[in-house]
Amino acid sequence: MPHRAIGIFDSGVGGLTVFKEIAALLPEENLIYLGDTARVPYGTKSVETVQRYAFEAAEFLVAQGVKILVVACNTASAVALPALRQRFKLPVIGVIEPGARKAIYSQNRHIGVIGTEGTINSGRYPEAIRTLLPDAQIFSVPCPLFVPLAEEGWAEHEIARLTATEYLQPLITAQIDTLVLGCTHYPLLRKTLRQVLGSGVTLVDSAEETAKSISQIFTQEGLSIPEYGGQRRFFVTDVPTRFERVGRAFLGAELDRVEQVQIG
Ligand code: DGL
């Protein structure tokens, strides 16, 4: 690539929701995406394993000469961000802090957080929200079935609605007015979540908030070199077929020329 790119990685297709928002806000930037599809999911794996995977994904992108690294995976952001920031000498952006910054606009300070087991067990969202809003009451629920439902194309299926009704009941009981979608797959379930929660609950999309943060950083630090930009490259660690097919719904566009690489 003629100019240094924004490097974005996730365990698989989910981070394409973040990619899509970044591409919309910074259309002139070159973007390189890595989906670690050979080792997805991260959400059910141990902290040590996810940290190792995140390091290897980051190393690959840094070797491509990226100017900023976006950890477009809530689970990896939850457990590996400080270590990545220490290891790599470039800005490293996760998806948790931007989501937390938006969540604190809650009126009644009852905030729900949903994510993978790894993200919820890490306690990183409550920690990040309480740093900004110490008296927030936070109710966290892992929703592991949302990931396969989104990948199956069933995000708006009756099964998704029933699953959401079951998962979200404690959050409805807790009278949350804000729900953080703490997993890259969950923006696809937005309609279903809205149906179950009603219109009184604000949905915070970490993907959108992360893209806004990156755009601000680019303006503040003069990181933009847009003249010859706008190129997109996609890499995966397993054969691209499934990524190309499932990824379409996440990106809202065709995925072509996806390259397979080995990392680690
Ligand atoms: N991308 C992951 C996340 O945002 C969800 C998929 C996985 O478990 O790897 O946490």
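What you see is a predicted model; the values in this text were computed from it and never measured. Ligands are counted one by one from 1 in listed order, and the atoms in each one are counted from 1 as well.
In this structure, Asp256 CG and Arg248 CZ are separated by 10.5 Å, a value rounded to the nearest 0.5 Å. Once rounded to the nearest 0.5 Å, the distance linking CZ of Arg190 with CG of Asp205 reads 5.0 Å. Distance CG/Leu149 to OG1/Thr192: 9.0 Å, rounded to 0.5 Å.
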Exercise answer, ligand 1 polar atom pairs (N/O) under 3.5 angstrom:
unit_1   : atom_1 : unit_2 : atom_2 : d
ligand 1 : 1 (N)  : Asp10  : OD1    : 2.7
ligand 1 : 1 (N)  : Thr184 : OG1    : 2.8
ligand 1 : 4 (O)  : Asn74  : N      : 3.0
ligand 1 : 4 (O)  : Asn74  : ND2    : 3.4
ligand 1 : 4 (O)  : Thr184 : N      : 3.1
ligand 1 : 4 (O)  : Thr184 : OG1    : 3.2
ligand 1 : 8 (O)  : Tyr42  : N      : 3.4
ligand 1 : 8 (O)  : Gly43  : N      : 2.8
ligand 1 : 9 (O)  : Ser11  : OG     : 2.6
ligand 1 : 9 (O)  : Tyr42  : N      : 2.7
ligand 1 : 10 (O) : Thr75  : N      : 3.1
ligand 1 : 10 (O) : Thr75  : OG1    : 2.6

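The local environment of CD in Gln86 is sparse, with at most 12 non-hydrogen atoms from other residues, nucleotides or ligands closer than 6.0 Å.
In this structure, Ile120 and Val113 approach most closely via the heavy-atom pair CD1-O, 3.9 Å.
Sorted by first and then second residue, the ring-ring contact (aromatic ring centres under 6.0 Å, His included) pairs with a member in residues 149-172 read Phe146-Tyr167, Trp154-His157; sequence neighbours excluded.
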